[in-house]
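Working notes, structure below.
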Amino acid sequence: AQTYDGTAKSATATTTPTGLAVDVTYDGSATAPTAAGSYAVVATIDDANHEGSASGTLVIAKASATVTAWPAASTIVLGQTLEDSILSGGAVSVPGTFAWADDSTAPALGTATHPVIFTPADSANYNSVEGSVGVTVKSGVFVDDDFTAATRGWGVYRFAVIQDGVDAVGAGGEVNVAAGTYVENVIVNKSVSLMGASDPATTIIDGGGLGVVVTVTANGATVNGFTVRNSGATAADGGIGLIGASGCTVEGNIVAQNACGIGLLSANHNTVSSNTVTGNGNGIALDRYLTNPGSTGNTVSGNTVSGNLAIGIYVGEASGNTLDGNTVSANGDDGLYLWHSGSCQITDNTIIGNAKHGIEFMGSASNTVSGNVVTGNTVDGLIWRETALGFGGNAVYENDLGGNGGSALRNDDGDASISANSNYWGAADGPSGEGYSGTGGAAVGAVVVDSFYAVNTDGVLSDLKFRNVIDFPAIGDQ
(Lines give C-alpha, C1' and ligand atoms only; values in the text may rest on other atoms or scores of the structure.)
Protein backbone atom coordinates (compact mmCIF):
# COMPACT_ATOMS: atom_id res chain seq x y z
CA ALA A 1 0.00 0.00 0.00
CA GLN A 2 1.02 3.55 -0.65
CA THR A 3 0.28 6.46 1.72
CA TYR A 4 -1.62 9.61 0.87
CA ASP A 5 0.53 12.69 0.43
CA GLY A 6 -1.57 14.70 -2.04
CA THR A 7 0.23 13.42 -5.15
CA ALA A 8 -1.01 10.89 -7.73
CA LYS A 9 -0.25 7.24 -7.00
CA SER A 10 0.08 4.76 -9.90
CA ALA A 11 0.39 1.00 -10.31
CA THR A 12 3.32 -0.60 -12.12
CA ALA A 13 3.10 -3.48 -14.62
CA THR A 14 5.77 -5.76 -16.13
CA THR A 15 5.40 -7.60 -19.44
CA THR A 16 6.86 -10.61 -21.14
CA PRO A 17 8.59 -9.80 -23.31
CA THR A 18 9.67 -6.72 -21.42
CA GLY A 19 9.07 -3.20 -22.48
CA LEU A 20 5.65 -3.57 -24.03
CA ALA A 21 3.26 -0.62 -23.76
CA VAL A 22 0.54 -1.03 -21.15
CA ASP A 23 -2.68 0.92 -20.64
CA VAL A 24 -3.65 1.15 -16.95
CA THR A 25 -7.07 2.18 -15.59
CA TYR A 26 -8.13 2.89 -12.00
CA ASP A 27 -11.79 2.16 -11.36
CA GLY A 28 -12.16 2.59 -15.11
CA SER A 29 -10.31 5.90 -15.31
CA ALA A 30 -6.94 6.41 -16.97
CA THR A 31 -6.05 9.11 -14.39
CA ALA A 32 -3.97 7.92 -11.48
CA PRO A 33 -5.75 8.65 -8.15
CA THR A 34 -4.49 10.93 -5.36
CA ALA A 35 -7.06 10.34 -2.61
CA ALA A 36 -6.84 7.57 -0.05
CA GLY A 37 -8.88 4.48 -0.87
CA SER A 38 -8.90 1.18 -2.78
CA TYR A 39 -8.98 1.23 -6.59
CA ALA A 40 -9.61 -1.64 -9.07
CA VAL A 41 -6.65 -1.64 -11.46
CA VAL A 42 -6.75 -3.17 -14.95
CA ALA A 43 -3.54 -3.26 -17.03
CA THR A 44 -3.96 -4.03 -20.79
CA ILE A 45 -1.09 -4.55 -23.26
CA ASP A 46 -1.22 -2.03 -26.07
CA ASP A 47 0.84 -3.69 -28.82
CA ALA A 48 -0.03 -4.85 -32.40
CA ASN A 49 1.79 -8.14 -31.93
CA HIS A 50 0.92 -9.01 -28.35
CA GLU A 51 -2.14 -9.13 -26.22
CA GLY A 52 -2.96 -9.71 -22.60
CA SER A 53 -4.29 -8.06 -19.44
CA ALA A 54 -4.09 -8.33 -15.66
CA SER A 55 -6.09 -6.90 -12.75
CA GLY A 56 -5.36 -6.00 -9.16
CA THR A 57 -6.04 -3.49 -6.43
CA LEU A 58 -4.21 -0.24 -5.68
CA VAL A 59 -4.49 0.80 -2.02
CA ILE A 60 -3.68 4.38 -0.92
CA ALA A 61 -3.61 4.42 2.88
CA LYS A 62 -4.70 7.41 4.92
CA ALA A 63 -1.85 9.58 6.25
CA SER A 64 -1.36 10.24 9.95
CA ALA A 65 -1.70 13.79 11.27
CA THR A 66 1.12 14.91 13.54
CA VAL A 67 0.09 16.52 16.84
CA THR A 68 2.97 18.60 18.16
CA ALA A 69 1.02 20.12 21.07
CA TRP A 70 -2.18 18.93 22.69
CA PRO A 71 -4.75 21.54 23.75
CA ALA A 72 -5.36 22.90 27.24
CA ALA A 73 -8.59 22.12 29.08
CA SER A 74 -10.52 24.69 31.10
CA THR A 75 -11.13 23.99 34.77
CA ILE A 76 -14.53 22.65 35.74
CA VAL A 77 -16.29 22.14 39.05
CA LEU A 78 -17.23 18.93 40.74
CA GLY A 79 -20.40 17.53 39.20
CA GLN A 80 -19.77 18.94 35.75
CA THR A 81 -18.84 16.67 32.85
CA LEU A 82 -16.06 16.98 30.32
CA GLU A 83 -18.61 18.62 28.04
CA ASP A 84 -18.19 21.72 30.25
CA SER A 85 -14.39 21.76 29.90
CA ILE A 86 -13.35 23.75 26.84
CA LEU A 87 -10.37 22.53 24.84
CA SER A 88 -8.32 25.38 23.42
CA GLY A 89 -5.04 25.68 21.57
CA GLY A 90 -3.02 22.77 20.32
CA ALA A 91 -0.85 22.39 17.22
CA VAL A 92 -1.34 19.84 14.43
CA SER A 93 0.14 19.37 10.96
CA VAL A 94 -3.30 19.57 9.30
CA PRO A 95 -6.56 21.40 10.08
CA GLY A 96 -9.09 19.70 12.32
CA THR A 97 -10.69 19.69 15.76
CA PHE A 98 -10.02 18.29 19.21
CA ALA A 99 -12.80 16.71 21.27
CA TRP A 100 -13.12 14.61 24.39
CA ALA A 101 -13.46 10.92 23.60
CA ASP A 102 -16.36 10.72 26.07
CA ASP A 103 -17.66 14.13 27.08
CA SER A 104 -20.24 12.56 29.41
CA THR A 105 -17.52 11.65 31.91
CA ALA A 106 -17.85 13.47 35.26
CA PRO A 107 -14.30 13.55 36.69
CA ALA A 108 -13.42 13.47 40.38
CA LEU A 109 -11.81 16.34 42.30
CA GLY A 110 -8.23 17.07 41.39
CA THR A 111 -6.30 16.90 38.13
CA ALA A 112 -6.30 13.83 35.88
CA THR A 113 -5.85 13.06 32.19
CA HIS A 114 -8.71 12.01 29.95
CA PRO A 115 -8.75 10.72 26.33
CA VAL A 116 -8.97 13.31 23.56
CA ILE A 117 -9.37 12.65 19.84
CA PHE A 118 -8.12 14.87 17.04
CA THR A 119 -10.35 14.58 13.99
CA PRO A 120 -8.83 16.03 10.81
CA ALA A 121 -11.01 18.19 8.61
CA ASP A 122 -9.92 16.01 5.68
CA SER A 123 -10.96 12.79 7.34
CA ALA A 124 -11.05 11.01 3.96
CA ASN A 125 -7.27 11.23 3.68
CA TYR A 126 -6.04 11.52 7.28
CA ASN A 127 -6.51 9.29 10.30
CA SER A 128 -7.75 10.58 13.63
CA VAL A 129 -5.19 10.79 16.42
CA GLU A 130 -5.83 9.77 20.01
CA GLY A 131 -4.10 11.33 23.01
CA SER A 132 -4.87 12.60 26.49
CA VAL A 133 -5.25 15.99 28.16
CA GLY A 134 -5.26 16.90 31.85
CA VAL A 135 -8.32 18.60 33.31
CA THR A 136 -8.62 20.12 36.77
CA VAL A 137 -11.80 19.71 38.78
CA LYS A 138 -12.30 22.04 41.72
CA SER A 139 -15.01 22.35 44.28
CA GLY A 140 -17.37 25.02 42.99
CA VAL A 141 -20.92 25.86 42.10
CA PHE A 142 -22.77 28.33 39.90
CA VAL A 143 -25.63 30.55 41.00
CA ASP A 144 -27.98 32.33 38.60
CA ASP A 145 -31.45 33.60 39.41
CA ASP A 146 -32.51 32.32 35.97
CA PHE A 147 -31.66 28.69 36.79
CA THR A 148 -34.60 26.36 37.34
CA ALA A 149 -35.14 22.71 38.17
CA ALA A 150 -34.89 22.04 34.43
CA THR A 151 -31.30 23.37 34.32
CA ARG A 152 -28.63 20.71 33.85
CA GLY A 153 -26.80 20.25 37.17
CA TRP A 154 -29.68 21.74 39.20
CA GLY A 155 -29.23 21.11 42.91
CA VAL A 156 -25.73 19.70 42.38
CA TYR A 157 -23.61 22.54 41.03
CA ARG A 158 -26.23 24.97 39.72
CA PHE A 159 -28.54 26.94 42.01
CA ALA A 160 -30.78 29.99 41.94
CA VAL A 161 -30.08 31.08 45.55
CA ILE A 162 -26.62 32.09 46.79
CA GLN A 163 -27.03 30.46 50.20
CA ASP A 164 -27.87 27.14 48.52
CA GLY A 165 -24.62 27.40 46.60
CA VAL A 166 -22.62 28.16 49.75
CA ASP A 167 -24.21 25.22 51.53
CA ALA A 168 -23.43 22.85 48.65
CA VAL A 169 -19.82 23.78 47.86
CA GLY A 170 -16.88 22.19 49.63
CA ALA A 171 -14.30 24.08 51.65
CA GLY A 172 -11.83 25.83 49.39
CA GLY A 173 -14.33 26.00 46.54
CA GLU A 174 -15.92 28.87 44.65
CA VAL A 175 -19.49 30.13 44.50
CA ASN A 176 -19.71 31.87 41.13
CA VAL A 177 -22.72 34.18 41.02
CA ALA A 178 -24.11 35.51 37.75
CA ALA A 179 -25.46 39.02 37.31
CA GLY A 180 -28.85 39.51 38.93
CA THR A 181 -30.53 40.67 42.13
CA TYR A 182 -30.59 38.18 45.00
CA VAL A 183 -32.80 39.16 47.92
CA GLU A 184 -31.37 37.14 50.79
CA ASN A 185 -29.04 37.16 53.79
CA VAL A 186 -25.97 35.01 53.13
CA ILE A 187 -23.93 33.23 55.81
CA VAL A 188 -20.46 32.12 54.74
CA ASN A 189 -19.46 29.54 57.32
CA LYS A 190 -16.74 27.76 55.38
CA SER A 191 -13.56 28.86 53.60
CA VAL A 192 -15.04 29.51 50.18
CA SER A 193 -14.76 32.28 47.61
CA LEU A 194 -18.00 34.13 46.93
CA MET A 195 -17.42 35.63 43.47
CA GLY A 196 -19.69 38.04 41.64
CA ALA A 197 -19.79 38.80 37.93
CA SER A 198 -17.17 41.05 36.34
CA ASP A 199 -19.12 44.24 37.14
CA PRO A 200 -20.14 44.48 40.82
CA ALA A 201 -22.95 46.87 39.89
CA THR A 202 -24.74 44.01 38.12
CA THR A 203 -24.52 41.35 40.85
CA ILE A 204 -26.59 42.54 43.79
CA ILE A 205 -27.19 40.96 47.18
CA ASP A 206 -30.09 42.79 48.81
CA GLY A 207 -30.77 42.11 52.48
CA GLY A 208 -34.38 43.18 52.20
CA GLY A 209 -33.95 45.52 55.16
CA LEU A 210 -33.05 42.72 57.57
CA GLY A 211 -29.92 41.85 59.55
CA VAL A 212 -26.44 41.57 58.09
CA VAL A 213 -26.54 41.03 54.35
CA VAL A 214 -23.37 38.87 54.13
CA THR A 215 -21.98 37.36 57.33
CA VAL A 216 -18.57 35.64 57.23
CA THR A 217 -17.62 33.44 60.17
CA ALA A 218 -15.06 31.14 58.50
CA ASN A 219 -11.35 31.74 58.08
CA GLY A 220 -9.92 32.17 54.60
CA ALA A 221 -13.14 33.23 52.87
CA THR A 222 -13.42 35.77 50.03
CA VAL A 223 -16.24 38.13 49.07
CA ASN A 224 -15.54 39.75 45.71
CA GLY A 225 -17.49 41.57 43.02
CA PHE A 226 -20.91 42.34 44.52
CA THR A 227 -23.18 45.21 45.33
CA VAL A 228 -24.20 44.56 48.94
CA ARG A 229 -27.09 46.71 50.08
CA ASN A 230 -30.13 47.22 52.26
CA SER A 231 -29.26 45.68 55.63
CA GLY A 232 -31.32 46.01 58.77
CA ALA A 233 -31.25 49.34 60.59
CA THR A 234 -29.94 48.40 64.05
CA ALA A 235 -26.39 48.83 65.32
CA ALA A 236 -25.84 45.07 64.94
CA ASP A 237 -26.73 45.10 61.25
CA GLY A 238 -24.59 45.84 58.22
CA GLY A 239 -23.58 45.04 54.68
CA ILE A 240 -20.61 42.68 55.02
CA GLY A 241 -19.69 41.44 58.49
CA LEU A 242 -16.62 39.38 59.39
CA ILE A 243 -17.17 37.93 62.86
CA GLY A 244 -14.21 36.18 64.46
CA ALA A 245 -12.84 35.37 61.00
CA SER A 246 -9.17 35.53 59.97
CA GLY A 247 -7.34 35.52 56.67
CA CYS A 248 -10.36 36.69 54.67
CA THR A 249 -10.49 39.03 51.69
CA VAL A 250 -13.26 41.55 51.00
CA GLU A 251 -12.43 43.13 47.66
CA GLY A 252 -13.97 44.93 44.73
CA ASN A 253 -17.47 45.36 46.16
CA ILE A 254 -19.96 48.22 46.20
CA VAL A 255 -21.38 48.42 49.72
CA ALA A 256 -24.25 50.85 50.09
CA GLN A 257 -27.39 51.66 52.08
CA ASN A 258 -26.54 49.61 55.14
CA ALA A 259 -26.45 50.39 58.87
CA CYS A 260 -22.69 49.85 58.58
CA GLY A 261 -20.96 49.13 55.31
CA ILE A 262 -18.21 46.64 56.20
CA GLY A 263 -17.60 45.46 59.75
CA LEU A 264 -14.71 43.45 61.18
CA LEU A 265 -15.61 42.22 64.65
CA SER A 266 -12.88 40.42 66.59
CA ALA A 267 -11.56 39.53 63.14
CA ASN A 268 -7.80 39.39 62.58
CA HIS A 269 -5.39 39.51 59.65
CA ASN A 270 -7.99 40.20 56.98
CA THR A 271 -7.75 42.36 53.87
CA VAL A 272 -10.42 44.89 52.91
CA SER A 273 -9.41 46.51 49.62
CA SER A 274 -10.70 48.30 46.54
CA ASN A 275 -14.29 48.55 47.75
CA THR A 276 -16.66 51.47 47.22
CA VAL A 277 -18.42 52.12 50.52
CA THR A 278 -21.08 54.80 50.34
CA GLY A 279 -24.47 55.79 51.72
CA ASN A 280 -24.20 53.67 54.86
CA GLY A 281 -24.30 54.69 58.54
CA ASN A 282 -20.61 54.12 59.31
CA GLY A 283 -18.55 53.17 56.28
CA ILE A 284 -16.01 50.62 57.58
CA ALA A 285 -15.72 49.56 61.21
CA LEU A 286 -13.06 47.53 63.03
CA ASP A 287 -14.25 46.62 66.51
CA ARG A 288 -14.64 43.83 69.03
CA TYR A 289 -17.44 41.27 69.14
CA LEU A 290 -19.17 40.99 72.50
CA THR A 291 -16.41 40.42 75.10
CA ASN A 292 -13.86 39.05 72.62
CA PRO A 293 -10.61 40.91 71.88
CA GLY A 294 -10.67 43.60 69.23
CA SER A 295 -9.68 43.20 65.60
CA THR A 296 -5.95 43.33 64.89
CA GLY A 297 -3.50 42.85 62.04
CA ASN A 298 -5.98 43.85 59.36
CA THR A 299 -5.20 45.82 56.20
CA VAL A 300 -7.77 48.30 54.92
CA SER A 301 -6.44 49.67 51.65
CA GLY A 302 -7.46 51.32 48.43
CA ASN A 303 -11.11 51.76 49.37
CA THR A 304 -13.33 54.70 48.47
CA VAL A 305 -15.30 55.56 51.59
CA SER A 306 -17.53 58.55 50.88
CA GLY A 307 -20.96 59.94 51.51
CA ASN A 308 -21.68 57.81 54.55
CA LEU A 309 -24.00 59.31 57.15
CA ALA A 310 -21.65 58.94 60.11
CA ILE A 311 -17.93 58.03 60.38
CA GLY A 312 -15.98 57.00 57.31
CA ILE A 313 -13.68 54.44 58.99
CA TYR A 314 -14.09 53.57 62.68
CA VAL A 315 -11.40 51.67 64.60
CA GLY A 316 -12.48 50.76 68.12
CA GLU A 317 -10.35 48.76 70.55
CA ALA A 318 -8.60 47.43 67.49
CA SER A 319 -4.84 47.87 67.58
CA GLY A 320 -2.11 46.99 65.12
CA ASN A 321 -4.08 47.62 61.94
CA THR A 322 -3.01 49.28 58.69
CA LEU A 323 -5.13 51.86 56.88
CA ASP A 324 -3.42 52.66 53.61
CA GLY A 325 -4.31 54.41 50.38
CA ASN A 326 -7.99 54.96 51.11
CA THR A 327 -10.04 57.93 49.91
CA VAL A 328 -12.28 59.03 52.77
CA SER A 329 -14.44 62.01 51.86
CA ALA A 330 -17.75 63.79 52.42
CA ASN A 331 -18.81 61.62 55.33
CA GLY A 332 -21.29 62.96 57.90
CA ASP A 333 -18.92 62.75 60.88
CA ASP A 334 -15.18 62.11 61.20
CA GLY A 335 -13.25 60.73 58.26
CA LEU A 336 -11.35 58.33 60.56
CA TYR A 337 -12.05 57.78 64.24
CA LEU A 338 -9.77 55.65 66.44
CA TRP A 339 -11.11 54.77 69.88
CA HIS A 340 -8.68 53.11 72.29
CA SER A 341 -6.66 51.75 69.39
CA GLY A 342 -2.88 51.82 69.26
CA SER A 343 0.04 50.90 67.01
CA CYS A 344 -1.93 51.53 63.83
CA GLN A 345 -0.30 52.59 60.57
CA ILE A 346 -2.32 55.32 58.83
CA THR A 347 -0.53 56.00 55.58
CA ASP A 348 -1.14 57.59 52.18
CA ASN A 349 -4.85 58.20 52.66
CA THR A 350 -6.81 61.10 51.22
CA ILE A 351 -9.14 62.40 53.93
CA ILE A 352 -11.03 65.42 52.68
CA GLY A 353 -14.32 67.24 53.10
CA ASN A 354 -15.69 65.33 56.05
CA ALA A 355 -18.32 66.99 58.24
CA LYS A 356 -16.30 66.82 61.44
CA HIS A 357 -12.61 65.99 61.96
CA GLY A 358 -10.34 64.45 59.39
CA ILE A 359 -8.88 61.97 61.91
CA GLU A 360 -9.91 61.81 65.56
CA PHE A 361 -7.99 59.82 68.16
CA MET A 362 -9.64 59.04 71.48
CA GLY A 363 -7.49 57.19 73.99
CA SER A 364 -5.19 56.03 71.21
CA ALA A 365 -1.40 56.01 71.44
CA SER A 366 1.63 54.84 69.46
CA ASN A 367 -0.01 55.40 66.10
CA THR A 368 1.85 56.52 62.98
CA VAL A 369 0.21 59.01 60.61
CA SER A 370 2.25 59.63 57.47
CA GLY A 371 1.86 60.53 53.82
CA ASN A 372 -1.80 61.50 54.15
CA VAL A 373 -3.73 64.40 52.66
CA VAL A 374 -5.97 65.68 55.46
CA THR A 375 -7.62 68.84 54.22
CA GLY A 376 -10.95 70.55 53.75
CA ASN A 377 -12.55 68.91 56.77
CA THR A 378 -15.09 71.02 58.64
CA VAL A 379 -13.44 70.99 62.07
CA ASP A 380 -9.87 69.86 62.82
CA GLY A 381 -7.56 67.96 60.52
CA LEU A 382 -6.21 65.74 63.32
CA ILE A 383 -7.28 65.73 66.95
CA TRP A 384 -6.07 63.68 69.93
CA ARG A 385 -8.15 63.34 73.08
CA GLU A 386 -7.05 61.34 76.18
CA THR A 387 -4.24 58.95 75.41
CA ALA A 388 -5.17 56.24 77.96
CA LEU A 389 -3.26 53.43 76.26
CA GLY A 390 0.04 54.68 77.61
CA PHE A 391 1.27 58.17 77.04
CA GLY A 392 2.93 59.34 73.87
CA GLY A 393 4.32 57.46 70.96
CA ASN A 394 2.14 59.07 68.31
CA ALA A 395 4.05 60.29 65.26
CA VAL A 396 2.72 62.55 62.52
CA TYR A 397 4.97 63.27 59.54
CA GLU A 398 4.95 64.03 55.81
CA ASN A 399 1.25 64.82 55.71
CA ASP A 400 -0.62 67.68 54.06
CA LEU A 401 -2.58 69.20 56.96
CA GLY A 402 -3.66 72.53 55.47
CA GLY A 403 -7.08 73.93 54.74
CA ASN A 404 -9.21 72.45 57.51
CA GLY A 405 -11.95 74.47 59.19
CA GLY A 406 -10.41 74.29 62.66
CA SER A 407 -6.89 73.41 63.68
CA ALA A 408 -4.56 71.43 61.48
CA LEU A 409 -3.54 69.35 64.50
CA ARG A 410 -5.02 69.64 67.98
CA ASN A 411 -3.80 67.74 71.02
CA ASP A 412 -6.31 67.99 73.86
CA ASP A 413 -4.42 65.45 75.97
CA GLY A 414 -2.27 67.36 78.42
CA ASP A 415 -0.36 64.25 79.46
CA ALA A 416 1.27 63.39 76.14
CA SER A 417 2.87 65.31 73.31
CA ILE A 418 2.54 64.62 69.60
CA SER A 419 5.62 64.57 67.36
CA ALA A 420 4.59 66.37 64.16
CA ASN A 421 7.74 67.07 62.19
CA SER A 422 8.07 67.32 58.41
CA ASN A 423 4.45 68.08 57.56
CA TYR A 424 2.97 70.67 55.21
CA TRP A 425 0.66 73.02 57.09
CA GLY A 426 -0.89 74.82 54.14
CA ALA A 427 1.57 77.75 54.03
CA ALA A 428 5.24 78.23 53.22
CA ASP A 429 6.01 79.60 56.70
CA GLY A 430 4.67 76.62 58.64
CA PRO A 431 2.00 76.25 61.31
CA SER A 432 0.20 78.95 63.20
CA GLY A 433 -0.95 78.72 66.79
CA GLU A 434 0.50 79.54 70.17
CA GLY A 435 4.29 79.43 69.97
CA TYR A 436 4.34 79.38 66.17
CA SER A 437 4.86 82.27 63.80
CA GLY A 438 3.54 80.78 60.58
CA THR A 439 0.28 81.39 58.78
CA GLY A 440 -0.62 77.78 57.99
CA GLY A 441 -2.99 75.53 59.86
CA ALA A 442 -2.80 75.75 63.64
CA ALA A 443 -0.90 73.36 65.87
CA VAL A 444 -2.69 73.40 69.22
CA GLY A 445 -1.65 71.85 72.52
CA ALA A 446 1.40 69.71 73.21
CA VAL A 447 2.59 69.39 69.63
CA VAL A 448 6.30 69.23 68.74
CA VAL A 449 7.13 70.81 65.37
CA ASP A 450 10.86 71.14 64.75
CA SER A 451 10.58 71.04 60.97
CA PHE A 452 7.99 71.55 58.23
CA TYR A 453 7.69 71.50 54.46
CA ALA A 454 7.26 74.88 52.80
CA VAL A 455 6.11 73.68 49.38
CA ASN A 456 3.40 71.30 48.23
CA THR A 457 3.44 70.77 44.46
CA ASP A 458 0.61 68.47 43.36
CA GLY A 459 1.02 66.41 46.49
CA VAL A 460 4.81 66.34 46.45
CA LEU A 461 6.22 67.99 49.58
CA SER A 462 9.54 69.79 49.34
CA ASP A 463 11.75 72.52 50.82
CA LEU A 464 12.08 71.22 54.36
CA LYS A 465 12.48 74.03 56.90
CA PHE A 466 13.78 73.73 60.46
CA ARG A 467 12.54 75.74 63.41
CA ASN A 468 14.60 76.95 66.40
CA VAL A 469 17.96 76.34 64.71
CA ILE A 470 20.92 77.95 66.48
CA ASP A 471 23.37 79.46 64.01
CA PHE A 472 26.80 78.95 65.58
CA PRO A 473 29.51 81.28 64.19
CA ALA A 474 32.28 79.75 62.12
CA ILE A 475 35.51 79.04 63.94
CA GLY A 476 37.31 81.69 61.94
CA ASP A 477 34.86 84.34 63.20
CA GLN A 478 35.64 83.72 66.87
Side-chain angles (χ1 to χ4, degrees), residues 282-283 305-316 323 326-342 344-389 391-427 429-449 452-453 456 461:
N282 289 330
V305 185
S306 64
N308 296 286
L309 301 179
I311 297 168
I313 300 177
Y314 172 80
V315 182
L323 281 62
N326 302 285
T327 297
V328 185
S329 63
N331 296 288
D333 201 288
D334 291 340
L336 274 61
Y337 180 41
L338 278 71
W339 189 82
H340 285 226
S341 297
C344 291
Q345 301 293 315
I346 303 171
T347 57
D348 299 324
N349 301 283
T350 300
I351 304 168
I352 59 175
N354 296 286
K356 198 175 177 184
H357 306 292
I359 309 176
E360 180 173 1
F361 297 85
M362 175 64 179
S364 297
S366 300
N367 296 287
T368 298
V369 182
S370 68
N372 303 282
V373 176
V374 186
T375 185
N377 300 286
T378 301
V379 191
D380 300 313
L382 278 67
I383 181 171
W384 263 267
R385 297 187 296 120
E386 184 200 346
T387 305
L389 292 181
F391 300 140
N394 293 297
V396 180
Y397 58 90
E398 296 184 355
N399 303 281
D400 178 358
L401 304 178
N404 295 286
S407 304
L409 192 160
R410 173 182 291 274
N411 181 10
D412 285 345
D413 183 355
D415 296 318
S417 63
I418 307 296
S419 173
N421 293 312
S422 304
N423 296 285
Y424 178 69
W425 298 81
D429 55 0
S432 61
E434 184 177 354
Y436 301 98
S437 60
T439 58
V444 177
V447 178
V448 177
V449 181
F452 60 87
Y453 282 104
N456 181 356
L461 307 184

Distance-only donor-acceptor hits, side chain of residues 436-448, under 3.5 Å, sequence neighbours excluded:
residue, atom, partner, partner atom, Å
Tyr436, OH, Val447, O, 2.7
Thr439, OG1, Asp429, OD1, 2.9
Thr439, OG1, Asp429, OD2, 3.2

Decide yes or no for [X] and [Y]: does some side-chain heavy atom of the first lie under 4.5 Å from some side-chain heavy atom of the second?
X: Asn326; Y: Thr350; result: no
X: Leu338; Y: Asn367; result: yes
X: Val396; Y: Ile418; result: yes
X: Trp425; Y: Asp400; result: no
X: Val373; Y: Ile351; result: no
X: Leu336; Y: Ile346; result: yes

Thr378: side chain to side chain contact (heavy atoms under 4.5 Å, CB included) partners, not counting sequence neighbours: none

Contacts of Asp380 that satisfy salt bridge (Lys or Arg N to Asp or Glu O under 4.0 Å) - sequence neighbours left out: Arg410

Sequence-distant partners of [X], side-chain hydrogen bond (donor to acceptor under 3.5 Å, both in side chains), two or more places apart:
X: Thr327; answer: none
X: Asp348; answer: none
X: Ser422; answer: Ser451
X: Asn308; answer: Asn280, Asn331

Pairs touching residues 434-449 that satisfy salt bridge (Lys or Arg N to Asp or Glu O under 4.0 Å), sequence neighbours left out: none

Pairwise salt bridge (Lys or Arg N to Asp or Glu O under 4.0 Å) hits with a residue in residues 358-372, at least two apart: Glu360-Arg385

Rounded distance [0.5 Å steps], [atom1] in [X] versus [atom2] in [Y]:
X: His357; Y: Leu382; atom1: NE2; atom2: CG; value: 10.5 Å
X: Asn372; Y: Tyr397; atom1: CG; atom2: OH; value: 10.0 Å
X: Asn349; Y: Ser329; atom1: CG; atom2: OG; value: 12.0 Å
X: Ile313; Y: Asn282; atom1: CD1; atom2: CG; value: 10.5 Å
X: Ser419; Y: Asn394; atom1: OG; atom2: CG; value: 9.5 Å
X: Asp333; Y: Ile311; atom1: CG; atom2: CD1; value: 5.0 Å

Closest contact, heavy atoms only, [X] versus [Y]:
X: Ser341; Y: Val315; value: OG-O, 3.1 Å
X: Val374; Y: Gly381; value: CG1-O, 3.4 Å
X: Gly376; Y: Asn404; value: N-OD1, 3.4 Å
X: Lys356; Y: Asn377; value: O-CB, 3.7 Å
X: Gly371; Y: Asn399; value: N-OD1, 3.2 Å

Check: Val328 main-chain N/O paired with Asn354 side-chain donor or acceptor under 3.5 Å: yes

Backbone N/O of Glu398 and side chain of Asn423: donor-acceptor pair under 3.5 Å: yes

Listed partners of Phe452 passing ring-ring contact (aromatic ring centres under 6.0 Å, His included), at least two apart: none

Test ring-ring contact (aromatic ring centres under 6.0 Å, His included) applied to Tyr424 - qualifying residues, sequence neighbours left out: none

Aromatic plane relationship, Trp384 with Phe361 - under 30° parallel, 30 to 60° tilted, over 60° perpendicular: parallel

